[in-house]
Enquirer: 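This is the structure, below, for whatever I ask next.
None of these values were measured; they are calculated from a predicted model.
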Amino acid sequence: QVQLVESGGDLVQPGGSLRLSCLASRNIFYSMAWYRQAPDKERELVAIITRPGTTNYADSVKGRFTISRDDAEKTVYLQMSNLKPEDTAVYYCHYPATNSWGRGTQVTVSS
């Protein structure tokens with residue numbers, strides 16, 4: 001198992017930006033992902049990044065969100081730009097190799 005701790009969630013106005021971070025308790029060797037869950041909705045995949053750096057995104061965030069990783073720092077990032085109210089959710093970091101999840105960080109987009 002690996003422990004994951006997310007940070008960076010906040011209240012932001014529409015059109016604003018945030019950067020989420022996910023710190024792992026040990027080195028991560030495989031793909032990492034960000035998920036989100038809005039109230040009364042199922043958890044959905046937002047973005048995933050492989051060890052070599054290949055990325056994939058949900059259609060709803062393409063062109064606005066960027067996932068990246070710094071393996072030396074054991075950290076995965078999610079840069080979010082042009083945020084919309086529908087991006088409001090709890091964002092979770094996920095390491096599929098060990099099925100590890102963080103506790104989440106709240107992102108609220110509202111004027």
Enquirer: Write out all pairs satisfying disulfide (SG to SG under 2.5 Å) with one or both partners inside residues 64-111, taking only residues at least two apart or from two chains.
Expert: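 Residue pairs passing disulfide (SG to SG under 2.5 Å), neighbours aside: Cys22-Cys93.
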
Enquirer: Can you find a heavy atom in the side chain of Arg69 that is under 4.5 Å from one in the side chain of Met32?
Expert: yes

Enquirer: Just to verify, what does Asn99 make a side chain to side chain donor-acceptor pair (under 3.5 Å) with, not counting sequence neighbours?
Expert: Trp101

Enquirer: Quick one: do the Gln106 and Thr108 side chains pair a donor with an acceptor below 3.5 Å?
Expert: yes

Enquirer: If we only count heavy atoms from C-beta on, is the Pro85 to Pro14 side-chain gap below 4.5 Å?
Expert: yes

Enquirer: So, does Gln13 use its side chain to make a donor-acceptor pair with the main chain of Val109 at under 3.5 Å?
Expert: no

Enquirer: If you group Ile, Leu, Val, Met, Phe, Trp and Tyr whenever their side-chain heavy atoms sit less than 4.5 Å apart, what else falls in with Val5?
Expert: none

Enquirer: Please lay out, stage by stage, how Thr98 and Ser100 fare under the test side chain to side chain donor-acceptor pair (under 3.5 Å).
Expert: CA-CA 5 Å; Thr98 59; Ser100 299; 2.6 Å; yes

Enquirer: Asp70: which residues meet the salt bridge (charged side-chain N to carboxylate O under 4.0 Å, His left out) condition with it, sequence neighbours left out?
Expert: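 Partners of Asp70 under the salt bridge (charged side-chain N to carboxylate O under 4.0 Å, His left out) test: none.
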
Enquirer: Please name all residues satisfying side chain to side chain donor-acceptor pair (under 3.5 Å) with Thr66, sequence neighbours left out, ordered by chain then number.
Expert: none

Enquirer: Do Leu18 and Leu4 belong to the same hydrophobic cluster, where Ile, Leu, Val, Met, Phe, Trp and Tyr are linked whenever their side-chain heavy atoms lie under 4.5 Å apart, directly or via other members?
Expert: yes

Enquirer: Taking the side chain as everything from C-beta on, heavy atoms only, tell me whether Val107 gets closer than 4.5 Å to Leu20.
Expert: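 Yes, close enough: below the 4.5 Å cut-off.
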
Enquirer: Would a single hydrophobic cluster contain both Val76 and Val90, if residues Ile, Leu, Val, Met, Phe, Trp and Tyr are joined by side-chain heavy-atom contacts under 4.5 Å?
Expert: no

Enquirer: Who pairs with Asp10 by salt bridge (charged side-chain N to carboxylate O under 4.0 Å, His left out), at least two apart in sequence or on another chain?
Expert: none

Enquirer: Could you pull out the closest heavy-atom pair between Ala24 and Ile28, with the gap in Å?
Expert: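 Where Ala24 meets Ile28 most closely, the heavy atoms are CB-CG2, 3.8 Å.
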
Enquirer: Pair Leu83, Phe65 - check side-chain contact (heavy atoms from CB on, under 4.5 Å), show working.
Expert: CA-CA 9 Å; Leu83 283 160; Phe65 290 11; 3.8 Å; yes

Enquirer: For Thr105, enumerate each residue passing the side chain to side chain donor-acceptor pair (under 3.5 Å) test, keeping only those at least two apart in sequence or located in another chain.
Expert: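 Side chain to side chain donor-acceptor pair (under 3.5 Å) list for Thr105, sorted by chain: empty.
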
Enquirer: Just jot down the salt bridge (charged side-chain N to carboxylate O under 4.0 Å, His left out) partners of Arg64, sequence neighbours excluded, or say none.
Expert: Asp87

Enquirer: Is Ser25 reaching over with its side chain to a backbone N or O of Gln3, donor-acceptor style, under 3.5 angstrom?
Expert: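 Checking the backbone N and O of Gln3 against the side chain of Ser25, a donor-acceptor pair under 3.5 Å is found.
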
Enquirer: Not counting sequence neighbours, which residues clear side-chain contact (heavy atoms from CB on, under 4.5 Å) with Ser31? List them please.
Expert: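 With neighbours one apart ignored, the set is Ile48, Thr50.
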
Enquirer: Quick one: side-chain contact (heavy atoms from CB on, under 4.5 Å) partners of Thr75, sequence neighbours excluded?
Expert: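 If we apply the side-chain contact (heavy atoms from CB on, under 4.5 Å) test to Thr75, skipping adjacent residues, the hits are Ser21, Leu23, Glu73, Tyr77.
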
Enquirer: Quick one, Tyr92 with Glu6, criterion side-chain contact (heavy atoms from CB on, under 4.5 Å). Give me CA distance, side-chain angles, the key distance, then yes/no.
Expert: CA-CA 7 Å; Tyr92 297 91; Glu6 303 95 336; 4.0 Å; yes

Enquirer: Side-chain heavy atoms under 4.5 angstrom apart, residues restricted to Ile, Leu, Val, Met, Phe, Trp, Tyr: same cluster for Ile49 and Tyr35?
Expert: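 As far as the 4.5 Å side-chain criterion goes, Tyr35 and Ile49 are not connected within one cluster.
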
Enquirer: Rounded to the nearest 0.5 Å, what separation is found between the CD atom of Gln1 and the CZ atom of Arg26?
Expert: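 Interatomic distance, Gln1 CD to Arg26 CZ, rounded to 0.5 Å: 8.5 Å.
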
Enquirer: Could I get the full list of side chain to side chain donor-acceptor pair (under 3.5 Å) partners for Arg51, not counting sequence neighbours?
Expert: Asp71

Enquirer: Tyr95 versus Tyr30: any side-chain heavy-atom pair under 4.5 Å?
Expert: yes

Enquirer: Are the side chains of Ser68 and Gln79 in contact, using a 4.5 Å heavy-atom criterion?
Expert: no

Enquirer: Are Val61 and Tyr91 linked, directly or through other ILVMFWY residues, by side chains that come within less than 4.5 angstrom of each other?
Expert: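 Yes: a chain of side-chain contacts under 4.5 Å links Val61 to Tyr91.
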
Enquirer: Kindly list each side-chain donor-acceptor pair under 3.5 angstrom involving residues 40-47, sequence neighbours excluded, with atom names and distances?
Expert:
residue: Arg43; atom: NE; partner: Gln37; partner atom: OE1; Å: 3.4
residue: Glu44; atom: OE2; partner: Arg36; partner atom: NE; Å: 2.7
residue: Glu44; atom: OE2; partner: Arg36; partner atom: NH2; Å: 3.2

Enquirer: Between Phe29 and Asn27, is any pair of side-chain heavy atoms under 4.5 Å apart?
Expert: yes

